[in-house]
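Everything below concerns the one structure shown next.
Sequence lines set the chain letters: A, B, ... in the order given, protein chains first and strands last, and positions in each chain run from 1. These numbers were taken from a predicted model, which means no experiment stands behind them.
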2 protein chains.
Amino acid sequence: MYLRAIAFLHRKGRQYVSSSDLARQLHLKSPQIRKDFSYFGAFGVKGTGYHVETLIARIRRILKLESRQKAALVGAGKLGKALAEYPGFDVYGFDIAAIYDVSPDKIGKRIGSVKVQDVAGLAGLRDSDIRLAILAVPAHAAQRVADSLVGAGIRGILNLAPCYLAVPKRVKVITIDIAMELGILPYYV
Amino acid sequence: MYLRAIAFLHRKGRQYVSSSDLARQLHLKSPQIRKDFSYFGAFGVKGTGYHVETLIARIRRILKLESRQKAALVGAGKLGKALAEYPGFDVYGFDIAAIYDVSPDKIGKRIGSVKVQDVAGLAGLRDSDIRLAILAVPAHAAQRVADSLVGAGIRGILNLAPCYLAVPKRVKVITIDIAMELGILPYYV
DNA sequence: CCTTGTGAAAAACTTCACAGCC
DNA sequence: GGCTGTGAAGTTTTTCACAAGG
């Protein structure tokens, strides 16, 4: 979250940022931000703020994002295609290095520069250096694919299907349920 | 969140569910769930659990989801198109009732049964009963569109662009930054 | 025996306040 | 004057423990 806001300032050529600047932008209180940053190890400059580039490097290291990482995408439907060509992953240093689908119509086609492979071959991920996967398949197929991903040595799954996934503890799952997020809006209006 | 899990049980024909069942499924502790439900007003049956249909009705009422709601979609790019045809919104009772884009290539075309309109006409939303919007435009355009939406009387925005939006307090914004979510996975693996 | 509902204890998080430094 | 770093205070959230009911 911080990374996005700070990277934005960095692109605007900003050298230093103060906790209260960030607080305003992120709708947080400034001591909150200082406390968070102090967990990273203190490196702010009193009277000036935090050095933007140092801050970015520090956060990247904590998130283990120093080097570019590869991720696999499973599901080349409309959502999958949109994600495959989404430029936003680049900011965090991610490359979509493999794409899988069940549909024979899609297998063999290219999305960008990546060829769509048969999900049946998911196990082949074990021999690659891909340890993250994005799941953009229908909910009813999600658990099955997740099992294959786990079997293929995947360590983290970003699940776009509206369901919970049962996985071993060593695998981290983050679920984004877009419809659910929309569902909580009426509560506030 | 509860709604998704409970609706799932409902489709499987389950009549009652206990707090510990849900806890297992949602990776929470059972007293947590009982406490949450008790805020809704207690209606569990001791020794049996909660009546699934009553629970769904109760949650829908709290989230103001009793009747179907309309939402506008701004941005008919790849992501926008994927969302427009995403069946998941239906579960929560949402209809995508209007779609907007800037591109002349897209304006006038249909996505599903909805015709894409020019964003310049966003203000026309004021005369409709649409009070929620989904924003699927590039980050650099998001604030501008958000301003138009606010001007058109929109009360809630689901923002898919990786940026913060400045809006009046009466408007609720929920931002989903898919790349950011992927970005926190390496931290855990 | 299985469950809920809830007060009390514990933990986590947030905010405040201010000393110290540029 | 403007800002960081941090202990202390305050607040919210989570967990525990258990009485009471089907």
Side-chain angles (χ1 to χ4, degrees), chain A residues 1-3 5-6 8-10 12-59 61-63 164 169 172-175 180-181 184 187-188, chain B residues 1-3 5-6 8-10 12-59 61-63 164 169 172-175 180-181 184 187-188:
Chain A
M1 172 168 82
Y2 285 135
L3 198 50
I6 300 162
F8 177 72
L9 292 169
H10 186 232
K12 283 179 49 172
R14 187 78 165 274
Q15 295 261 328
Y16 285 87
V17 63
S18 74
S19 56
S20 32
D21 285 346
L22 282 172
R24 212 167 315 110
Q25 204 174 349
L26 301 177
H27 307 117
L28 300 168
K29 299 277 155 60
S30 62
Q32 175 73 279
I33 290 172
R34 291 202 295 280
K35 199 146 253 179
D36 289 348
F37 287 1
S38 82
Y39 289 133
F40 306 170
F43 54 94
V45 183
K46 305 190 178 188
T48 312
Y50 299 85
H51 188 243
V52 169
E53 285 187 27
T54 310
L55 205 42
I56 291 176
R58 211 55 84 91
I59 297 174
R61 193 161 80 225
I62 288 159
L63 292 178
Y164 283 86
K169 269 208 296 295
K172 174 74 182 173
V173 174
I174 293 180
T175 296
M180 182 190 79
E181 303 289 342
I184 60 190
Y187 172 75
Y188 290 100
Chain B
M1 174 168 82
Y2 285 138
L3 198 50
I6 300 162
F8 176 71
L9 293 169
H10 186 231
K12 284 179 50 172
R14 188 79 165 273
Q15 294 264 327
Y16 285 87
V17 63
S18 74
S19 55
S20 32
D21 285 346
L22 282 172
R24 213 168 313 112
Q25 206 175 348
L26 301 177
H27 308 118
L28 299 169
K29 299 277 155 62
S30 61
Q32 176 73 279
I33 289 172
R34 291 202 297 278
K35 199 147 253 179
D36 288 348
F37 287 1
S38 81
Y39 289 133
F40 305 170
F43 53 95
V45 184
K46 307 192 178 188
T48 312
Y50 297 84
H51 188 245
V52 170
E53 285 187 26
T54 310
L55 205 42
I56 291 176
R58 211 57 84 91
I59 297 174
R61 193 162 79 225
I62 287 159
L63 292 178
Y164 283 86
K169 271 210 297 294
K172 174 75 183 174
V173 174
I174 294 179
T175 295
M180 183 190 79
E181 302 288 343
I184 59 189
Y187 172 77
Y188 290 100

Which atom names give the shortest non-hydrogen contact between His51(B) and Thr54(B), and what distance separates them? ND1-OG1, 2.7 Å

Once rounded to the nearest 0.5 Å, what's the spacing between atom [atom1] of [X] and atom [atom2] of [Y]?
X: Leu3(A); Y: Leu63(A); atom1: CG; atom2: CG; value: 6.5 Å
X: Ile6(B); Y: Leu55(B); atom1: CD1; atom2: CG; value: 4.0 Å
X: Tyr2(A); Y: Phe40(A); atom1: OH; atom2: CZ; value: 7.0 Å
X: Phe8(B); Y: Arg14(B); atom1: CZ; atom2: CZ; value: 10.5 Å
X: Tyr164(B); Y: Met1(A); atom1: OH; atom2: CE; value: 4.5 Å

Would you say Ser20(A)'s side chain and Ala23(A)'s backbone share a donor-acceptor pair under 3.5 angstrom? no

Rounded distance (Å) that lies between atom [atom2] of [N] and atom [atom1] of [X]:
X: Phe37(A); N: dG5(D); atom1: CZ; atom2: C1'; value: 13 Å
X: Leu55(A); N: dC3(D); atom1: CG; atom2: C1'; value: 15 Å
X: Phe40(A); N: dT4(D); atom1: CZ; atom2: C1'; value: 15 Å
X: Arg24(B); N: dT3(C); atom1: CZ; atom2: C1'; value: 13 Å
X: Arg58(A); N: dT4(D); atom1: CZ; atom2: C1'; value: 14 Å

Using a cut-off of under 3.5 Å, enumerate the N/O to N/O pairs linking the protein to nucleotides 10-16 of chain D.
| residue | atom | partner | partner atom | Å |
| --- | --- | --- | --- | --- |
| dT14(D) | OP2 | Gln32(B) | NE2 | 3.3 |
| dT14(D) | O5' | Gln32(B) | NE2 | 3.2 |
| dT15(D) | O4 | Lys35(B) | NZ | 3.0 |

Report yes if at least one side-chain N or O of Ser19(B) is closer than 4.0 Å to OP1 or OP2 of dT4(C); otherwise report no. yes

Partner residues of Thr48(B) under the side-chain hydrogen bond (donor to acceptor under 3.5 Å, both in side chains) criterion, sequence neighbours left out: none

Residue-level proximity of residues 44-54 of chain B to DNA chain D when a heavy atom falls under 4.0 Å: Lys46(B), Gly47(B)

Could you check whether Phe43(B) gets within reach of a base, just the sugar-phosphate, or nothing at all, counting any heavy atom under 4.0 Å? sugar-phosphate

